[in-house]
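Input: a single structure, listed below in structure tokens.
Whatever order the structure lists them in is the order used to number ligands and atoms, beginning at 1. Since we're looking at a predicted model, the values are computed, not measured.
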Amino acid sequence: MNYSRILGTGSYLPKKMVTNDELSKTVDTTDEWIATRTGIRARYVSNQEETSSYMGYHASLRAVEAAGLSVNDIDMIIVATTTPDKGLPNTACLLQERLGVTHIPAFDITAACAGFLYALSIADQYLRGGIIKTILVVGVDVLTAVTNWEDRSTCVLFGDGAGAVVLQVTDKPGILSTHLHADGRQKDSLTIPTWLPGQRKDDEPAYIHMDGRAVFRFAVKALGQVVEEALAANNMPQSAIDWLIPHQANLRIITALAEKLKLPLDKVVVTVDRHANTSAASVPMALDEAVRDGRIQRGQTLLLEAIGGGFVWGAALIIY
Ligand code: UT7
């Protein structure tokens, strides 16, 4: 039986870090409010050069190196992003060109903060099917580019970054299962209402809008259900999870889920305090951090989950 195995992970954070205290000089907020409500203390903000393809490129090089492979071993590139460099071509093609592997398929998928889970699931199907041997999956976003820096209800929440994994087909258990969901009825709760310039009224900028309370309520419920679904599909008790690698939007949501799974917080990878919400990058960046600092070991069981605007959400159970 075929499985997809994570061979290597990598990530990239922009050079510039902005603390809550720095933000509170330009917008009516405080470190205390942000930290208490969200757990966020700082975020990284990309510069003009640090686009999705640029950050994805650096994260990918690190993942390929960690996998012990060369870029020429990659057979397909999937990029999850809501903030592509350009309308056309897709960010995966720009990344493919940067990597110098201009003979392999490369495409983007858009599923907001759940984008990495969606991309991972697609890659898993190709690998399990034996169609392709090695896939590079990247989660990357520059949400600060679509942030209204005068809106304190959103601008304190987001940061930029990229995470990447190299997956390869194997006969030993790797990704056990992935579980994806969507509910378009919630389309107005978290949205960038306009995108193409021609759609904008009076050049209204394309900024992110969020009904924070509605997202919070839905997230706690949906993530609780999808992690239960993942465990049930594998006949696995909660106690089998070595590491929860959650989407990093709000420490209160992460804590609620850990409590539901009866997992102590030291079994949960948390980066939201330093990275804030990096959308599609949040799960692969957290994964990479815990792999590189030695917390996550080969053979351990990982539970990944994420939810984003749509709503779209998902989970994956993985033997690392
Ligand atoms: O990535 C997709 C997933 N996204 C999420 O999971 C986000 C989910 N939602 C949340 O994390 C929380 O709802 C927020 C952190 C966004 C907001 O926390 P909240 O406890 O729901 O606060 P609230 O929106 O109900 O606002 C409470 C108060 C309001 O003042 P009044 O009306 O009570 O006087 C806001 O105006 O806090 C005020 N407020 C702020 N105050 C200081 C809102 N933003 C700020 C701010 N600084 N940055």
Check: Val169 main-chain N/O paired with Asn2 side-chain donor or acceptor under 3.5 Å
no
His58: which residues meet the ring pair (Phe, Tyr, Trp, His ring centres under 6.0 Å) condition with it, sequence neighbours left out?
Tyr12, Tyr54
Under 4.0 Å from ligand 1, residues with heavy atoms, in chain and number order, are Asp28, Thr29, Trp33, Arg37, Thr38, Cys113, Arg152, Ser153, Val156, Leu157, Leu190, Met210, Gly212, Arg213, Val215, Phe216, His247, Ala249, Asn250, Arg252, Ile253, Asn277, Ile307
Could you check whether Glu289 pairs with Arg274 (Lys NZ or Arg NE/NH1/NH2 to Asp/Glu carboxylate O, under 4.0 Å)?
yes
Indicate yes or no for a side-chain donor-acceptor contact from Ser46 to the backbone of Asp160 under 3.5 Å, with no hydrogens or angles considered.
no
Has the side chain of Glu50 got a donor or acceptor atom that lies under 3.5 Å from a matching backbone atom of Asn47?
yes
Are Arg292 and Asp288 within salt-bridge range, i.e. N to O under 4.0 Å?
yes
